[in-house]
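Just so you know, residue 1 is the first one in the sequence shown, and it goes up from there.
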Amino acid sequence: MCTRYITPEDREIEAFWAINRKTNRRNDWKNLLQVFPLSGAAFIRRARDVTEYEREMVFGQWGMIPPWSPTHIPQAKQTKEQKEKDQPGKRLSTVNSRTDRMEKSFTFRNAWKRGQRCIIPASSFDEPNWETGKNVWWRFRRSDAKPWGLAGLWDVWKDPKTGEEWTATRCSPSTRTFTR
């Protein structure tokens, strides 16, 4: 399971995936290189506000946020007992999903059905290896040092308290691609 990755610099993303600077509206991802679950990073999707096909680079959280989650930290719906005790729902891990389960997943299925696919630009990604009984991080990258794209889904979540919109992404180990 992809648990951390390194993003290319924004100029590399723009050049490699032919992102037009005018669609690069936000600078939230500036100087973010290491990305961990629930942190923010850039991703590429089809531009939403144009009629022709165009890519745009946007900022999002790595980890899909279910629509019912009261915070940007993904949570399950509260049980009756949790509501009575004013406790939050169980924290969900939503940074990875298997393609064979996305259609049925409450967290991923709407984005999957609507075709809200994206490319998560990466210079490399790291995987834990436990063969020795201790974690040794293995880093994977292209041999030509160019960026590569991790397959992802995106969705928009609106914070019920502030009204702020977050865009969430995820990468899936079963759909990693080396795309351009």
Verify, without hydrogens or angle tests, whether [X] (side chain) and [Y] (backbone) share a donor-acceptor contact under 3.5 angstrom.
X	Y	answer
Glu14	Ile19	no
Trp157	Ser69	yes
Glu127	Trp138	no
Arg55	Trp17	yes
Trp68	Gln75	yes

How close do [X] and [Y] get, counting heavy atoms only, and between which atoms?
X	Y	value
Ser124	Arg141	CB-CB, 3.8 Å
Ile120	Gly152	CD1-CA, 4.0 Å
Pro74	Leu38	CD-CD2, 3.6 Å
Gln61	Ile65	NE2-CG1, 3.6 Å
Phe36	Ser39	O-OG, 2.6 Å
Pro8	Pro147	CG-CB, 3.7 Å

What is the distance from atom [atom1] of [X] to atom [atom2] of [Y], rounded to the nearest 0.5 Å?
X	Y	atom1	atom2	result
Thr162	His72	OG1	NE2	10.0 Å
Lys90	Thr79	NZ	OG1	12.0 Å
Lys77	Lys83	NZ	NZ	9.0 Å
Met57	Ile44	CE	CD1	7.0 Å
Arg45	Glu54	CZ	CD	12.5 Å

*Only one of Arg117, Lys113, Arg114 passes salt bridge (Lys or Arg N to Asp or Glu O under 4.0 Å) with Asp155; say which it is.*
Arg114
*Please indicate whether Asn135 has more than 12 foreign heavy atoms, meaning atoms of other residues, nucleotides or ligands, lying under 6.0 Å from its CG.*
yes
*Decide if atom CD of Glu84 counts as having more than 12 heavy atoms of other residues, nucleotides or ligands within a radius under 6.0 Å.*
yes
_Results of salt bridge (Lys or Arg N to Asp or Glu O under 4.0 Å) for Asp144 - residues two or more places apart only_ = Arg142
*According to the interplanar angle, ranging from 0 to 90°, do the rings of Tyr5 and Trp62 count as parallel (below 30°), tilted (30 to 60°) or perpendicular (above 60°)?*
perpendicular
*What about Ile73 and Met64, same hydrophobic cluster or not, with Ile/Leu/Val/Met/Phe/Trp/Tyr joined at side-chain heavy-atom distances under 4.5 Å?*
no
